[in-house]
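One structure is given here, and the rest of the page talks about it.
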Amino acid sequence: VLPVSSYTFLTELRFPNDPNIQLRGLRPDPFKIGLENGTTRYTVIPVTRQNNFQMMIRDDTVTRYSTDTVGGIIVNAGPAFQLQVLVSSSPGPSTPGEVADEGSPSGKTGTPGPLIAGSPFEITVRSTDKFWNLAPETRLVQLETTDPYMSIPAPQNLGSSQLGETSFSAFTPNVATDTMRITARDISGLPPQLSTQDVSGIYVNAGAANRLIVVLPGEQLEGGKTTPPFGVMGLISTQTAGQQFPVGVYATDSRYNWVKTFGGSALAQNPINVLSDDPIPAPWQGNFAMTNGSATVIGVSVIATSTRSLTASDADGSAPALAASSGRVLPLSPSNPIKFRILLPPEARKPGAPASSGRQGGAFTTQAGPAFQFQVIVDIVDSFWNLTPGASQEVQLTSDDPFAIITPATKVITTSGTFTVEARRSGSTKLFANTVNPGATPPYIYAVNTDTSTTFTVDAGIAKKLLIRLPGERRG
């Protein structure tokens, strides 16, 4: 029988290779208990998985009795309780991002990211116990992210890297942001479901500038959007022929994120060339300076209605070389109806400057008489000779041929109308479109200007009779 000691001094238990016990607050630091009759009992909760857990006991008196250390204790992980997400970094591998730190309160060290939009990174998912120790599992897990445009890797089973761990090696973010969140979720359906983990506040930097994008009125730049329309959100607002509006041009990476710098300085390509496919020359088109990766082109206007396309190209020969933007389609509506346009049979509509004729086509020649009746179109157009759909007016079509027969004499047209003309007098002839009752109430609400047709030639008709002309008489 061992003799009973009378010692009652204070002792301290230390954990040389598992500081996480006290970092977690599971035991006080220092961890001290006094002896009773020369003995005492400590209750210990190890938290770090290892093969050599050590504990050291020492006295807390001036006498300082010799210490005692016990080691070689195997600490296994507890049952799987939660998932852990480890986010790599850029450029790596010298900056690995997050690294597992088993047993610690956070379970990891390092910083998630930064990542680069358009570049693949590795995301590691582990099954762990309550203390972030790897707890082998083979469950199916999936990643989720706040990036709405990235293609998320397919779910994987834990154990593809080692039992209880898998790496998603093709994680490629699209959106440049400082608020990205990545979540790992247990989708195996096995009980108990492992708790998810979110990693938030991840920086995703834009990639290298390699292209231009045009942002039209009504749109906003939407970095990361790789589905049509690429890199933009919002509905393009319809513009009016001849009216000015601004257009934005941006330098972006492969995922349409705005890139403001190059080589540590503000990105300043000069010049950027901006053009439209408007067939009517416009003075605003040409070269513009870009600063901080963007340029605002003011005073843009297009004239020919329908849909027009705007493109931007890099005319600066220095790096970075930026690919031209794809043609951005801009819906365009006509301005107010302001005049008529008469189209003879060979003529076609041609929008243009107000001083132009608004039509194209070769010379027209016909013959006199009912056998050679022809159709004439009268349009209601804006100042740029664009058709004005829905505009209505009562029109009278007349001729400088006093014997010409025009059917009908007057007609209410909406947008465009057709008249039948039978010329009677040979020679050079013109037609005139005039407004009937211009002061009337709607639908005749616009003061539409008259129009004179292109001069055309009327040849004699089919010979049918003889004419005797006496002295003093003339043909008529």
Side-chain angles (χ1 to χ4, degrees), residues 241 279 303-306 333-464 475-476:
I303 292 177
T305 57
S306 183
S333 66
S335 187
N336 292 332
I338 198 171
K339 56 190 174 185
F340 295 124
R341 172 177 53 203
I342 301 171
L343 294 176
L344 298 175
E347 294 179 325
R349 300 178 176 101
K350 184 182 181 181
S356 67
S357 69
R359 65 204 100 194
Q360 60 186 352
F364 176 54
T365 299
T366 187
Q367 290 179 263
F372 303 101
Q373 292 180 351
F374 56 93
Q375 302 291 310
V376 171
I377 296 172
V378 177
D379 294 332
I380 304 176
V381 297
D382 67 9
S383 59
F384 303 104
W385 302 101
N386 295 298
L387 273 175
T388 54
S392 183
Q393 186 61 267
E394 187 174 8
V395 182
Q396 180 185 44
L397 188 67
T398 59
S399 173
D400 60 359
D401 174 357
F403 308 109
I405 299 174
I406 299 175
T407 309
T410 65
K411 183 177 185 178
V412 175
I413 66 173
T414 299
T415 309
S416 183
T418 303
F419 293 80
T420 301
V421 177
E422 178 185 326
R424 290 294 185 93
R425 185 187 67 186
S426 63
S428 295
T429 303
K430 294 179 182 178
L431 299 174
F432 309 94
N434 300 278
T435 300
V436 176
N437 195 14
T441 57
Y444 320 120
I445 59 175
Y446 299 104
V448 181
N449 295 327
T450 62
D451 185 49
T452 301
S453 74
T454 305
T455 300
F456 60 98
T457 301
V458 179
D459 293 333
I462 300 171
K464 286 190 174 182
R475 288 188 293 270

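These numbers were taken from a predicted model, which means no experiment stands behind them.
Smallest separation of non-hydrogen atoms from Phe419 and Pro408: CD2-O, 3.3 Å. Taking both residues in full, the closest heavy atoms of Ala433 and Val395 are given as CB-CG1, 4.2 Å, listed atom of the first, atom of the second, then distance. Considering all non-hydrogen atoms of both residues, Val412 and Ser392 come closest at CG1-OG, 3.7 Å. Closest approach of Phe456 to Phe364, counting heavy atoms only: CB-O, 3.2 Å. Between Ala241 and Asp382, the shortest heavy-atom distance links the atoms CB-OD2, 4.0 Å.
The structure places CZ of Phe384 at 9.5 Å from CD1 of Ile338, a figure rounded to the nearest 0.5 Å. Taking CD of Glu347 as the start and CD1 of Ile377 as the end, the distance is 10.0 Å to the nearest 0.5 Å. To the nearest 0.5 angstrom, Glu394 atom CD is 12.0 Å from Lys411 atom NZ. Of the inter-residue distances, the one linking Thr435 atom OG1 with Asn449 atom CG reads 8.0 Å to the nearest 0.5 angstrom. Separating the CD1 atom in Ile342 from the CZ atom in Arg359 is a distance of 7.0 Å, to the nearest 0.5 Å.
With contacts defined as side-chain heavy-atom distances shorter than 4.5 Å, the pair Val378/Leu431 does not qualify. Ser335 has its side chain out of reach of Asn386: every pair of non-hydrogen atoms, C-beta onward, lies at least 4.5 Å apart. Residues Phe340 and Asp379 form no side-chain contact, since every pair of their non-hydrogen atoms from C-beta on lies 4.5 Å or further apart. Side chains of Thr429 and Thr455 form no contact here, defined as non-hydrogen atoms less than 4.5 Å apart. Contact check for Arg425 versus Asp400: side-chain heavy atoms found under the 4.5 Å cut-off. When side chains are defined from C-beta on, Lys339 does not count as touching Asp451, because their heavy atoms never get closer than 4.5 Å. For the pair Thr305 and Leu387, the minimum side-chain heavy-atom distance is 4.5 Å or more. Looking at heavy atoms from C-beta onward, Ser453 lies out of side-chain contact with Ser399 at the 4.5 angstrom threshold.
When the options Thr450, Leu397, Thr398 are evaluated for a side-chain contact (heavy atoms from CB on, under 4.5 Å) with Phe432, the one that passes is Thr398.
With 3.5 Å as the limit, one finds a donor-acceptor pair spanning the side chains of Gln375 and Thr420.
Remark: side-chain polar atoms of Asp401 are not paired, donor with acceptor, to backbone N or O of Ala423 under 3.5 angstrom. Here the side chain of Arg349 pairs no donor or acceptor atom with the backbone of Trp385 at under 3.5 angstrom. Between the side chain of Thr414 and the backbone N or O of Ala391 there is no donor-acceptor pair closer than 3.5 Å. Judged by distance alone, the side chain of Thr388 and the main-chain N or O of Ile380 form a donor-acceptor pair under 3.5 Å.
Crowding of Lys350 atom NZ: a count of heavy atoms from other residues, nucleotides or ligands under 6.0 Å not exceeding 12.
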